[in-house]
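Residues: numbered from 1 along the sequence shown. These numbers come from the heavy atoms of this one structure, side chains and all, not from hydrogens, waters or symmetry mates.
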Amino acid sequence: MPLVNTGDIVRASAGGVGAFNVIQLEHAEAIVAGAERAGAGVVLQISENCVRYHGALAPIALASLAVARAAAVPVAVHLDHATDRALVEEAVALGVGSVMYDASALPDAENVILTAEVTAWCHERGVWVEAELGEVGGKDGVHAPGARTRPDEAVRYVADTGVDALAVAVGTSHAMTTRDATLDLALIADLHAAVPVPLVLHGSSGVPEETLRAAVRHGMKKINIATHLNKAFTTALRDRLAADPKLVDPRKYIAEGRDAVSQEVAHLLAILTP
């Protein structure tokens, strides 16, 4: 299937779009297998932290792009939380069709200037851009989960930067291992009514399933999930190794993690689809 970008999948979806983080090749394979099972488009996300883990962007990005091209459903490859413009430019050169440029740790005025510059550069090359105003709770230890995005500031930020999607703070926190986050659904509805681009929910691993459904109904469009899938992957590996302490072939236990992630992706995509 021809490559698409995140914007293509967002525009084609009547519900929420699942965006799942890739750490290694097996994650990309599992996410696509789950999406094929659900019959839904999906986004493979590569974070700046993932790039650091591999020591370079190209190996994991090119592998993810290859998995995306071979998929039976639309699959986008997206650079997530990139703080380095050079990394954005490298991703685009490799064929990644959408990026999140994250200047949210900077003062607001500098965030706007740099994000507008990156967005203009990406748009000249047909690349879809997501950004963040302020910082979503829990990102690298900053801001409490009580952080909130103001609709008027969000409208102004989108107008000043020209971004295609906006990550907003509505009660989630990154890297949650429990699913007890409380979302401000009224704020999501207000943001959806005011902001002219799709809204992105980061830190969705901590959100209960019924609340995820409600968030989509209230206007959230792109749903980012990473830690929840990592839990499924790790649990499956632990169980397999505990059941057979003599096992040494990584293919025989990593496959268990891959299958667990695939099943969970299919389940989550069904939740996000109306």
Side-chain angles (χ1 to χ4, degrees), residues 2-13 17-22 28 41-52 54 56-69 74-136 139 149 153-168 195-202 221-224 226:
L3 283 175
V4 297
N5 69 25
T6 302
D8 297 326
I9 295 176
V10 165
R11 286 187 289 272
S13 174
V17 171
F20 304 103
N21 281 49
V22 170
V42 75
V43 180
L44 302 179
Q45 301 201 139
I46 300 169
S47 71
E48 200 170 74
N49 286 335
C50 176
V51 174
R52 291 192 191 100
H54 287 283
L57 172 62
I60 191 64
L62 293 174
S64 297
L65 288 163
V67 172
R69 288 190 184 97
V75 179
V77 179
H78 175 80
L79 181 66
D80 187 41
H81 279 295
T83 59
D84 182 358
R85 176 167 175 168
L87 187 63
V88 170
E89 294 180 1
E90 181 185 0
V92 172
L94 290 170
V96 173
S98 64
V99 304
M100 181 199 179
Y101 180 64
D102 186 358
S104 61
L106 300 174
D108 287 348
E110 191 173 355
N111 180 346
V112 168
I113 292 170
L114 294 178
T115 302
E117 291 175 355
V118 170
T119 300
W121 185 90
C122 286
H123 284 174
E124 289 173 358
R125 291 153 180 81
V127 173
W128 191 88
V129 181
E130 173 189 337
E132 182 175 321
L133 172 63
E135 294 187 90
V136 174
K139 181 71 166 66
T149 300
E153 292 179 349
V155 170
R156 185 164 56 251
Y157 180 80
V158 169
D160 290 345
T161 60
V163 296
D164 301 296
L166 185 67
V168 292
V195 178
V197 298
L199 302 177
V200 183
L201 186 65
H202 284 236
K221 192 66 180 180
K222 177 172 173 276
I223 311 297
N224 289 13

**Q.** The single option from Val10, Ile9, Val4 passing side-chain contact (heavy atoms from CB on, under 4.5 Å) against Thr6
**A.** Val10
Q: Check Ser104 against Asn111 and note the closest heavy-atom contact, atom names and distance.
A: CA-ND2, 3.6 Å
Q: State which residues pass side-chain contact (heavy atoms from CB on, under 4.5 Å) with Ala68; sequence neighbours excluded, sorted by chain then number.
A: Leu3, Val75, Val77
Q: For the pair Asp8 and Trp128, evaluate side chain to side chain contact (heavy atoms under 4.5 Å, CB included) and give the outcome as yes or no after the intermediate values.
A: CA-CA 9 Å; Asp8 297 326; Trp128 191 88; over 6 Å; no
Q: Quick one: do Gln45 and Cys50 satisfy side chain to side chain contact (heavy atoms under 4.5 Å, CB included)? Show the steps, please.
A: CA-CA 9 Å; Gln45 301 201 139; Cys50 176; over 6 Å; no
Q.
Please determine whether side chain to side chain contact (heavy atoms under 4.5 Å, CB included) holds for the pair Leu94 and Leu62, giving the CA-CA distance in whole Å, both sets of side-chain angles, and the decisive distance to 0.1 Å.
A. CA-CA 7 Å; Leu94 290 170; Leu62 293 174; 4.1 Å; yes
Q.
On a heavy-atom basis, which atom in Val88 and which in Cys122 lie closest, and how many Å separate them?
A. CG1-SG, 3.8 Å
Q | Spacing of CG belonging to Leu166 relative to OG1 belonging to Thr161, to within rounding of 0.5 Å | A | 7.5 Å
Q) How long is the span from the CG atom in Leu87 to the CZ atom in Arg52, to the nearest 0.5 Å? A) 9.0 Å
Q | Audit row: Tyr157, Asp108, side-chain hydrogen bond (donor to acceptor under 3.5 Å, both in side chains) steps and yes/no | A | CA-CA 9 Å; Tyr157 180 80; Asp108 287 348; over 6 Å; no
**Q.** Result of checking Lys222, Glu48, Glu132 against Met100 for side-chain contact (heavy atoms from CB on, under 4.5 Å)
**A.** Glu132
Q.
Distance alone, cut at 3.5 Å: any donor-acceptor contact between the side chains of Glu130 and Ser98?
A. no
Q) Do you see a donor-acceptor pair shorter than 3.5 Å between the side chains of His81 and Ser47? A) no
**Q.** Spatial distance of atom CD1 (Ile46) from atom NE2 (His78) [nearest 0.5 Å]
**A.** 10.0 Å
**Q.** Within residues 84-98 or reaching into it, pairs that qualify as salt bridge (Lys or Arg N to Asp or Glu O under 4.0 Å) - sequence neighbours excluded
**A.** Arg85-Glu89
(Q) Just verifying a value: how many Å separate Asp102 CG and Leu79 CG, rounded to the nearest 0.5 Å? (A) 10.5 Å
(Q) By the definition side-chain contact (heavy atoms from CB on, under 4.5 Å), identify the one residue from Val43, Ile223, Asn224, Val200 that meets it with Val17. (A) Val43
**Q.** With sequence neighbours excluded, residues passing side-chain contact (heavy atoms from CB on, under 4.5 Å) with Thr119
**A.** Thr115, His123, Val129, Val163
Q: Side-chain contact test, heavy atoms from C-beta onward, threshold under 4.5 Å: evaluate it for Asn5 versus Val127 and give yes or no.
A: no
